[in-house]
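Below is one structure, written out as structure tokens; comments come after it.
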Amino acid sequence: MGISGLLPLLKSIQVNKHLSDFEGQTLAVDAYVWLHRGVYAYAYVWLHRGVYACATDLATGKKTTKYVDYAMHRVRLLRHHKIQPYVVLDGGPLPAKKGTETERRQRRAENLAKANALAAQGKHSQAREFYVKCVDVTPQMAYQFIKALRTEGVQYVVAPYEADAQMAYLERIGLVDGIITEDSDLLVFGCRKVLFKLDSVSSTITSISRVDFGSVTAAEGGISLLGWTDSQFRAMAILSGCDYLPSIPGVGLKTAWSLLRKHRTVEQLVRALRLEGKKPVPKGYLEAYRLAEKVFLHQRVYCPLEEKLVSLTEVPAQDVMDAETEAYIGR
DNA sequence: GTGTGGTTCAAAT
DNA sequence: TGAACCACAC
Ligand SMILES: [Mn+2]
């Protein structure tokens, strides 16, 4: 899901770069995106050839590991431009994302059912498009990718939970110079340099830098982020709705932005909204907000230097971490 | 007019 | 995942 509408809002600071601009740098790579696209591409090709077995079976990695080629092609492309890839894979499910994941699983099941129904009616071309929609990246596929990475001596790490937080940590401690992903969440995790939309044909990529946030213009009905702190930016994103917390109905990025200009703290903001009574603030929203904030700040990640699990950012001593919170952000 | 939220589509060898 | 599009409410 990411933060809906965030990238268009930051349009004015998106910079098109060539991969050669990153020569000599180490870039974290969100493995999920490449694997998913690889699986998608090959599932599509197989189905085109008339292989109408269940798409989820097709992609288990038993019959083929072709999807790995797609990802490795991109790994080699980075290396060709003298960029050192640091591949980051997703780990276990984060309790905080439970809602999002059950939703996805449901959608995949729906698409599979539709596909099977259409196939049963002999409508194979229509069935194909639904089969393609239920492809999923399995741990087995991730393992096939890891084997290829090992063979070619590419650095990688499996995150204890989300790759997002893991990549943010690698950048934070200086192990990577930037992050290649398609997920706008990385900006909310406080990353300094995030690279989107890698085009392997032209070797170009779209860059968004934290230092440019202040230049986000209020022109054309947009918003201004001049003088905004990481904390305020994060608040705007969470209030607008994120993977860890749905928004208050009727509140999107722009409303969150103007609310945060009026109120100094989220407590005051929520109190004012409740007093006004125009937007339905759910019961327990503020508590849920605090938890979401902690997931962005303190999610559990693996430190390759210390070789142990740590928090993305250190938890302040006065912050109480009860068992529920611990479970939520990973332990 | 503005902003939100829902739907639909593309994704690539 | 995002982008594009559109209907709806304010
Ligand atoms: Mn994410």
> Any side-chain N or O of A:R74 under 4.0 Å from OP1/OP2 of B:dT13?
Replying inline: yes

>> OP1 or OP2 of B:dT4 versus the side-chain N and O atoms of A:T255: is any pair under 4.0 Å?
In response: yes

>> Given A:S20, which partner from the list A:H80, A:H81, A:K82 fulfils the side-chain contact (heavy atoms from CB on, under 4.5 Å) test?
In response: A:H81

>> Let's see if you can work this out: which of C:dG2, B:dA12, B:dG5 has an atom nearest to the side-chain heavy atoms of A:P249?
In response: B:dG5

> What does A:V251 touch in the nucleic acid at a heavy-atom separation under 4.0 angstrom: a base, only the sugar-phosphate, or nothing?
Replying inline: sugar-phosphate

>> If I take atom NZ in residue A:K279 and atom C1' in nucleotide B:dG5, what distance separates them, rounded to the nearest angstrom?
In response: 12 Å

>> With a 4.0 Å cutoff (strictly under), does any side-chain N or O of A:Y70 reach OP1 or OP2 of B:dT13?
In response: no

> The side chain of A:R37 lies closest to which of these nucleotides: B:dG3, C:dA3, B:dA12?
Replying inline: B:dA12

>> Any donor-acceptor pair under 3.5 Å linking the side-chain atoms of A:Q84 with those of A:Q25?
In response: no

>> Let's see if you can work this out: which of B:dA12, C:dA3, B:dG3 has an atom nearest to the side-chain heavy atoms of A:A41?
In response: B:dA12

> Does C:dA3 have OP1 or OP2 sitting under 4.0 Å from an N or O in the side chain of A:K197?
Replying inline: yes

>> Expressed as a whole number of angstroms, how long is the span from A:K254:NZ to B:dG1:P?
In response: 16 Å

>> Whole angstroms only, please: what is the CD1-P distance between A:I180 and C:dG2?
In response: 17 Å

> Base, sugar-phosphate alone, or nothing: which one does A:S184 contact when heavy atoms must sit under 4.0 Å apart?
Replying inline: sugar-phosphate

> Between A:S247 and B:dT4, does any side-chain N or O lie under 4.0 Å from OP1 or OP2?
Replying inline: no

> Between B:dG3 atom P and A:L239 atom CG, what is the distance in whole Å?
Replying inline: 16 Å

>> Rounded to whole Å, how long is the line connecting atom CG of A:L253 with atom P of B:dT4?
In response: 7 Å

>> Which nucleotide wins on minimum distance to the side chain of A:D183, given the candidates B:dT4, B:dA12, C:dG2?
In response: C:dG2

> B:dA11 P sits how many Å from A:L35 CG, rounded?
Replying inline: 19 Å

> Rounded to whole angstroms, how far apart are OH on A:Y67 and P on B:dA12?
Replying inline: 18 Å

> Does A:S240 use its side chain to pair, donor to acceptor, with the backbone of A:A256 at less than 3.5 Å?
Replying inline: no

> How many Å lie between CE on A:M236 and P on B:dT4, as a whole number?
Replying inline: 11 Å

> What orientation do A:F233 and A:F213 show, parallel under 30°, tilted 30 to 60°, or perpendicular over 60°?
Replying inline: tilted

> Taking all non-hydrogen atoms of both residues, which atom of A:T229 and which atom of A:R210 are closest, and how far apart?
Replying inline: C-NH2, 3.5 Å

